[in-house]
Protein chains: 2
Amino acid sequence: MKIGELAKRSGLTAHTIRYYERIGLLPYADRDRSSRRDYDPSILVWIEFLGRLKTTGMPIRDMLLYAELRDQGSGTEAERRALLERHRESVRAHVDELNACLLVLDTKIGGYAETEQRMKEYDATLAERRRKPVGARSSRAR
Amino acid sequence: MKIGELAKRSGLTAHTIRYYERIGLLPYADRDRSSRRDYDPSILVWIEFLGRLKTTGMPIRDMLLYAELRDQGSGTEAERRALLERHRESVRAHVDELNACLLVLDTKIGGYAETEQRMKEYDATLAERRRKPVGARSSRAR
DNA sequence: CTACGAGTTTGAGTGCGCTCTAAGTCAAGA
DNA sequence: TCTTGACTTAGAGCGCACTCAAACTCGTAG
C-alpha cells in the first residue's frame, strides 16, 4: 500500500504519516525500488490505536514512549501495561470532570430557559391586558 | 483585590489574567491611582465558568464569542443559550468517544494481564519440574 | 518523448494558548 | 532615604502537533 492509499484508509494525511515516521511514532516503512514507502495493511491497526491514545489526550511524547517499548518487543510488557493503566486512570478522571462540567452547563442552560419562559409569560400578560384593559381580572391568575 | 490575590484565588497566573483581559475574555479591570488592576471578587465566578468551558475543550475564540454576547447584555440570551447547547452536545459526544476508548484500553490492558498470567503459570511449571524432574507427573495437569 | 501525478527529502511556517522578558512605576517598611 | 517587591506595558518566545513549500525523482498513459 502506498502512502496515499494509507492516508485515505487511516484518516491521516500523507504529511502526517511522514511526520509520525520521522518522530518514531510509526516504524520506518519499507521503500520500493524508487524509494516510495510501501505499507503492510497491518500498520492500520497500530495507527488506529494511536488514534485512540490521541483522542484520549495522550501527548505524543507518551505515545512515543509506548511505541519505543513496543519496538523493543518482549520484556517490556509490564512497563507498557503500567503506562496504559496510568493513562486509563487519567482518562477516567477527565471523564468525571467533563461530567461535572456537563451538570454546570445544564444548570446554566436551564437558567436561560427559565428567563425565556418568564419573558414569554410576561408577553402573554401584556397581550391579555390589551384584550381586557385596566380593571379587568386577569384570566392567567388561576 | 490585586492581580496577585486574584491569581492565587483563581488558579490562573497574573500573566494569564492580563492575557485574558488583553484578548477580551476578561473585562477591562478598573485601575487604582497607580494604574494597578483592582478586582471585584465577583470576577471569580466568571473565571470559574471560563475554566469549565476550557476544561470541556471550548476554544478561546468561542469563549470570546460568549463573552462578547454577555457584555452586550440583555437581548443576547437566546444566542448565548444556543452556543452553550451546541457546546454541551459536543462535550457529550466527546464523553461518549472517551468511554469507547476506555473500553479499548481495558481490553488492551486485559491482554497484557493475560500474558503476565500465562508467564507466571509457565514459571510455576518450570519450578514444579525442578522439584519433580523428568518422568514425574505434573500436579498442575489436573 | 513528454507530460502528469504521486511520491521523495529537508526544513520552514502555522495556530493555539499561554509564558516570559525588559524596562519601568509605585508604595510601604527598615 | 533606600530597598524590596508587587505591579505596569508592549512585545518576543515557547511547546505542541501538525502543515506546507521547494526542489526533486519516478512510473505510466497518451
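Order of the sequence lines sets the chain letters (A, B, ...), proteins ahead of strands, with each chain counted from 1. What you see below is based on every heavy atom in this structure, not just the backbone, and it leaves out hydrogens, waters and symmetry mates.
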Q: Mind running salt bridge (charged side-chain N to carboxylate O under 4.0 Å, His left out) on A/Glu121 and A/Arg118 for me, showing each step along the way?
A: CA-CA 5 Å; A/Glu121 283 171 15; A/Arg118 272 200 299 278; over 6 Å; no
Q | Greater than 12 external heavy atoms within 6.0 Å of A/Glu79's CD | A | no
Q. If you look at every heavy atom in A/Leu69 and A/Thr76, which pair is closest and at what distance?
A. O-OG1, 2.9 Å
Q) Once you round it to whole Å, what is the distance between P of C/dG7 and CD of A/Glu5? A) 9 Å
Side-chain donor-acceptor contacts of residues 23-34 of chain B below 3.5 Å, not counting sequence neighbours, with atom names and distances?
{"unit_1": "B/Arg31", "atom_1": "NH1", "unit_2": "B/Glu21", "atom_2": "OE2", "d": "3.3"}
{"unit_1": "B/Arg31", "atom_1": "NH1", "unit_2": "B/Ala29", "atom_2": "O", "d": "2.6"}
{"unit_1": "B/Arg31", "atom_1": "NH2", "unit_2": "B/Glu21", "atom_2": "OE2", "d": "3.0"}
{"unit_1": "B/Asp32", "atom_1": "OD1", "unit_2": "B/Ser34", "atom_2": "N", "d": "3.0"}
{"unit_1": "B/Asp32", "atom_1": "OD1", "unit_2": "B/Ser34", "atom_2": "OG", "d": "3.2"}
{"unit_1": "B/Asp32", "atom_1": "OD1", "unit_2": "B/Ser35", "atom_2": "N", "d": "3.2"}
{"unit_1": "B/Asp32", "atom_1": "OD1", "unit_2": "B/Arg36", "atom_2": "N", "d": "2.9"}

Q) For the pair made of CZ in B/Arg18 and C1' in C/dG24, what is the distance, rounded to whole Å? A) 13 Å
Q: Name the orientation class of the two ring planes belonging to B/Tyr66 and B/Trp46 (parallel below 30°, tilted from 30 to 60°, perpendicular beyond 60°).
A: parallel
Provide a list of protein-nucleic acid N or O atom pairs under 3.5 angstrom, restricted to nucleotides 17-23 of chain D.
{"unit_1": "D/dA17", "atom_1": "OP1", "unit_2": "A/Ile60", "atom_2": "N", "d": "3.3"}
{"unit_1": "D/dA17", "atom_1": "OP2", "unit_2": "A/Ile60", "atom_2": "N", "d": "3.3"}
{"unit_1": "D/dC18", "atom_1": "OP1", "unit_2": "A/Lys54", "atom_2": "NZ", "d": "2.8"}
{"unit_1": "D/dC18", "atom_1": "OP2", "unit_2": "A/Tyr20", "atom_2": "OH", "d": "2.7"}

Q) Rounding to a whole Å, what distance do you find between B/Leu12:CG and C/dC20:C1'? A) 16 Å
Q: Please list, by residue number, the residues of residues 24-46 of chain B whose heavy atoms come closer than 4.0 Å to an atom of DNA chain C; answer none if no residue qualifies.
A: B/Ser34, B/Arg36
**Q.** Nearest heavy-atom neighbours spanning A/His87 and A/Thr56
**A.** NE2-OG1, 2.7 Å
Q: Spell out, yes or no, whether B/Leu44 and B/Tyr19 are grouped together once hydrophobic residues are joined by side-chain heavy atoms under 4.5 Å, including indirect joins.
A: yes
Q: Find the distance A/Ile17:CD1 to C/dT8:C1' and express it as a whole number of Å.
A: 14 Å
Q: Search all heavy atoms of B/Arg52 against all heavy atoms of A/Cys101 and return the closest pair with its distance.
A: CD-SG, 3.8 Å
